Amino acid sequence: MKEGLLRKAFFFMLKKALLFSLFSINTLTSQVDYQWLKLLRYEGTFFGNYQSQVINKEFFINEHGNKDPQAELESSIDYISKNPTDFYCRFPARSQYLYKRKLITKPNFSTCEKFLYFKRKVNPSSVAIVFASYYINNPSSMFGHTFIKLNKKGKGNNNDLLHWGANFSANVTSSNPLIYGLYGVTGGFSANYSLLPYYFKVREYAESESRELWEYHLNIPDEHLEFFVSHLWEMEKALFNYYYFNGNCSSQIINFLDAIFPEKELSKRLTTFVIPSQTIRILTEDENLIKEIRFRPSNFQKVSKRWESLNQDQKKEFKDFKNDPLKYELTNKDPNLLDVYIDYLDFKHPIEVAKEDTLFAKKKHQVLIARSEATGEVKKINFQESEDKAPHHAHKERSVPLGYKHFKKQKALSFGYRFSMHNIMDPTKGYSPLGGQEMGDFKFFYLTKTKKLRFQSFHLLNIDTYPQLFGFNPKIGWSMTVGAKDYFDTEHFEKAPFAKHGLHLNLSQNQSMIFAPEFHYSIGYSDSFIGNDIRVDLMPGLSFFSDSHRAKFKLHYHYNFVTGPRSENHHVYRAQLTIPLFQNLSWKSSMEKWVSKGQDKENFQSDLNYYF
């Protein structure tokens with residue numbers, strides 16, 4: 001009797017010791033600890049405890065399982081002893097994990113009909129992480145987007161539209177931009193994983209929004225694939241709070257992969273704020289994780305390259321088609337022309353051609369029939385982008401400039417800090433050549449003679465976008481800046497918050513070159529303005545960009561109408577040069593001159609910019 005009690009006591013203490021060793025709060029040295037934490041999305045809190053990112057209680061067994069990983073593990077083992085089938089069917093990945101650690105017997109999934117159907121439906125042969133390029137017209141995709149592609153067995157590489165996509169996104173409940181921004185920053189939207197045909201994602205990104213897709217195919221063993229599908233089954237039932245900067249698609253994909261590859265500890269490489277390009281860089285930094293990179297062009301890239309291959313007569317013919325596709329008679333059966341007609345309809349009217357009963361869908365059907373009957377030589381066009389343009393080759397998001405400044409006959413040391421992400425004058429590699437988006441950009445300078453530190457500017461948000469061009473087809477772009485700055489064209493240092501908005505009419509036919517008449521206006525407010533608290537600037541002007549990837553050059557002119565104190569109308573001339581030195585290091589130089597009736601003022605600045 002005593003011997004039996006001693007044996008039970010011994011095994012009870014052994015179990016407790018094992019669980020304690022698994023979840024010592026102060027020392028997480030075992031891969032098992034790390035994997036369990038990642039499977040249930042636990043994060044360390046400021047007070048040394050844990051809190052899961054998952055917010056719905058159904059995801060846990062223990063009443064306090066969302067913040068107590070040890071109790072959740074104990075309760076899971078206990079629940080399996082009483083209701084094994086229910087646990088196996090709800091949490092197959094956790095069941096496989098517990099069996100691998102020899103904490104339970106081998107799970108039996110034979111009665112889990114819904115889970116087994118899910119496995120048969122997905123049935124992947126491989127997995128890829130897809131990067132959809134930057135899309136400034138949608139704030140949630142301004143920094144790009146990442147999602148999971150599951151390549152189904154037996155479908156082959158040439159039929160990837162039949163594969164599956166797993167997407168993490170917010171459940172947006174308001175179209176109001178102010179509410180959207182507030183909820184996005186504070187976690188006001190819920191978010192979840194969803195499974196849908198990969199074709200839907202291609203239609204959304206590459207076709208409707210004309211965004212390039214870069215596929216990073218993972219080097220994932222077969223035994224990990226089954227675990228991957230099991231974890232995805234569990235994640236589809238999990239709800240999260242969506243945070244625009246660190247609880248988004250990018251951080252979630254890294255956390256997902258961390259649960260599959262715990263030995264790599266991928267999430268430990270994340271910074272406080274996470275954007276999609278950082279996710280891609282983390283994956284490519286591991287030389288054994290990515291086995292292949294594939295590129296899928298956007299509809300814009302397809303039609304643009306086909307148009308460039310046409311001769312002048314063909315371009316004139318195409319112009320007639322473009323002006324009124326529905327009334328255009330298909331008299332010319334040149335296959336190269338018909339191909340560009342098809343791609344143009346897909347690019348210009350993606351939603352209409354996807355519906356069978358629309359006029360544009362019927363027109364595309366007519367062109368397809370004509371194309372099937374066409375004869376003649378077809379030009380071979382390479383739609384693939386060079387891999388050095390892939391997002392993992394882009395400079396990192398944060399930057400620190402350090403250099404020299406000369407203005408108003410004073411010399412200064414210039415420095416700053418930018419939280420994220422890309423200015424249109426930064427090196428283009430890996431980014432769109434037609435835009436830039438920055439957040440949290442601070443600039444200061446130190447006057448060497450007076451030994452005073454001065455504030456130069458702060459940009460909470462700074463966006464420039466020049467629309468994609470197709471032939472000689474001018475498009476209107478826009479810019480917006482919100483922040484605070486020192487008004488250098490005044491006699492004194494006058495700091496004020498301001499908002500600036502502008503429109504650009506891009507007349508260039510070349511993406512590596514921009515020629516744009518512009519109109520900007522800005523409003524600044526400060527009680528230090530003498531005679532008026534509000535200053536309004538109206539700025540018609542002209543900009544020219546040239547980008548050879550080895551250097552980026554910009555010339556700009558505008559005339560500044562000022563309604564405010566201590567300043568007068570003036571001309572502004574500006575020249576800027578950027579030379580990439582390495583992937584995360586560039587040299588920038590700028591010269592600015594104000595010309596007014598009173599006097600001329602010059603501002604020269606030269607900085608080394610380190611991206612990290």
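Fair warning: this is a prediction, and the values are worked out from it, not measured in the lab.
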Where the side chain of T146 meets the backbone of V130, is there a donor-acceptor pair that is under 3.5 Å apart?
no

Considering only NZ, NE, NH1 and NH2 on the basic side and carboxylate oxygens on the acidic side, decide whether E212 and R296 come within less than 4.0 Å.
no

Count the heavy atoms belonging to other residues, nucleotides or ligands that lie under 6.0 Å from CD of Q384, then report whether that count exceeds 12.
yes

Could you walk me through whether T428 and D547 pass the side chain to side chain donor-acceptor pair (under 3.5 Å) check?
CA-CA 8 Å; T428 302; D547 183 6; 2.5 Å; yes

Are the aromatic ring centres of Y216 and H392 under 6.0 angstrom apart?
yes

Under 3.5 Å, side chain of N167 to main-chain N/O of L195, donor-acceptor pair present?
no

Would H217 and N151 satisfy side chain to side chain contact (heavy atoms under 4.5 Å, CB included), going step by step from the backbone distance to the final call?
CA-CA 10 Å; H217 291 258; N151 302 302; 3.5 Å; yes

Do the side chains of E226 and K119 get close enough for a salt bridge, i.e. N-O under 4.0 angstrom?
yes

Testing the basics here: between P427 and S586, what is the closest heavy-atom pair and its distance to 0.1 Å?
CG-CB, 3.8 Å

Tell me whether H224 at atom NE2 has more than 12 heavy atoms from other residues, nucleotides or ligands lying less than 6.0 Å away.
yes

Worked check of side chain to side chain contact (heavy atoms under 4.5 Å, CB included) between M439 and M421:
CA-CA 7 Å; M439 296 188 73; M421 146 182 165; over 6 Å; no

Going through the distances and angles, do E438 and S420 end up as a side chain to side chain donor-acceptor pair (under 3.5 Å)?
CA-CA 5 Å; E438 296 178 292; S420 188; over 6 Å; no

Taking side chain to side chain contact (heavy atoms under 4.5 Å, CB included) as the criterion, tell me which of D339, V340, I342 meets it with V303.
V340

Ring geometry between Y88 and F109 (parallel below 30°, tilted from 30 to 60°, perpendicular above 60°):
perpendicular

Among Y193, F200, Y205, W164, ring-ring contact (aromatic ring centres under 6.0 Å, His included) partner for F147:
Y205

Could you tell me whether D258 and K264 make a salt bridge, using a distance below 4.0 angstrom between a side-chain N and a carboxylate O?
no

Would the number of heavy atoms belonging to other residues, nucleotides or ligands and lying under 6.0 Å from CD of E356 be above 12?
no

Tell me whether the count of non-hydrogen atoms from other residues, nucleotides or ligands lying under 6.0 Å of NZ in K57 goes above 12.
no

Find out whether the Lys NZ or Arg CZ of K38 is both under 6.0 angstrom from the six-membered ring centre of Y34 and within 45° of the ring's axis.
yes

Other residues, nucleotides, ligands: >12 heavy atoms within 6.0 Å of E385 CD:
yes

So, for I61 and S76, which heavy atoms are closest and what is the spacing to 0.1 Å?
CG1-OG, 4.1 Å

Quick check: closest heavy atoms across L116 and S110, and the distance to 0.1 Å?
CD1-O, 3.7 Å

Geometric class of the Y79/F87 ring pair [parallel <30°, tilted 30-60°, perpendicular >60°]
tilted

Return the minimal non-hydrogen interatomic distance between Y610 and L585, and the atom names on each side.
CA-CD1, 4.1 Å

Passes side chain to side chain contact (heavy atoms under 4.5 Å, CB included), T578 versus N423? Steps please.
CA-CA 11 Å; T578 300; N423 183 282; over 6 Å; no

Set out, in order, the CA-CA distance, both residues' side-chain angles and the distance that settles side chain to side chain contact (heavy atoms under 4.5 Å, CB included) for N192 and E236, then state yes or no.
CA-CA 7 Å; N192 62 280; E236 274 205 305; over 6 Å; no

For the residue pair Y431 and H395, is the inter-centroid distance of their aromatic rings smaller than 6.0 Å?
yes

Ignoring hydrogens and angles, tell me if any N or O in the side chain of E72 forms a donor-acceptor pair with the backbone of N62 under 3.5 Å.
yes

Checking the side chain of N56 only, and the main-chain atoms of E58 only, is there a donor and an acceptor separated by less than 3.5 Å?
no

Mind telling me whether Y50 and Y42 have parallel, tilted or perpendicular rings, with 30° and 60° as the class edges?
perpendicular

CZ (F419) with more than 12 external heavy atoms under 6.0 Å
yes

Test your reading of the model: is there a side-chain donor-acceptor pair from N248 to the backbone of Y244, 3.5 Å cut-off?
yes

Does OH belonging to Y183 count more than 12 external heavy atoms closer than 6.0 Å?
no

Charged tip of K149 within 45° of Y198 ring normal and under 6.0 Å
yes

Mind checking whether F131 and Y134 have parallel, tilted or perpendicular rings, split at 30° and 60°?
perpendicular

Basic-acidic side-chain contact under 4.0 Å: K305, E308:
no

Short side-chain to backbone donor-acceptor contact, N584 and K396, under 3.5 Å
yes

Please assess E397 against S277 for the test side chain to side chain donor-acceptor pair (under 3.5 Å), listing each intermediate value before the final yes or no.
CA-CA 9 Å; E397 298 76 31; S277 58; 2.8 Å; yes

Under the side chain to side chain donor-acceptor pair (under 3.5 Å) test, which residues partner E204, sequence neighbours left out?
K201

Excluding sequence neighbours, so at least two apart, what forms side chain to side chain donor-acceptor pair (under 3.5 Å) with D426?
R418, K588, Y611

Keeping H163 on the side-chain end and K152 on the backbone end, is there a donor-acceptor pair under 3.5 Å?
yes

F240 pairs by ring-ring contact (aromatic ring centres under 6.0 Å, His included) with which of F256, F189, F168?
F168

When you measure from the side chain of S190 to the backbone N and O of N241, does any donor-acceptor pair fall under 3.5 Å?
no

R94 bridged to E234 by N-O distance under 4.0 Å
yes

Counting N and O atoms only, with roles assigned by atom type, does the side chain of K82 sit under 3.5 Å from a partner on the main chain of D78, one being a donor and the other an acceptor?
no

Stepwise side chain to side chain donor-acceptor pair (under 3.5 Å) check, S250 with Q278:
CA-CA 8 Å; S250 304; Q278 183 185 12; over 6 Å; no

Closest approach of T85 to T111 (non-hydrogen atoms, all atoms of both residues):
CG2-OG1, 3.2 Å

The side-chain hydrogen bond (donor to acceptor under 3.5 Å, both in side chains) partner of D346 among R203, K364, K302 is K364

Checking the side chain of Q35 only, and the main-chain atoms of P262 only, is there a donor and an acceptor separated by less than 3.5 Å?
no

Between E292 and R294, does any side-chain N to carboxylate O distance fall below 4.0 Å?
yes

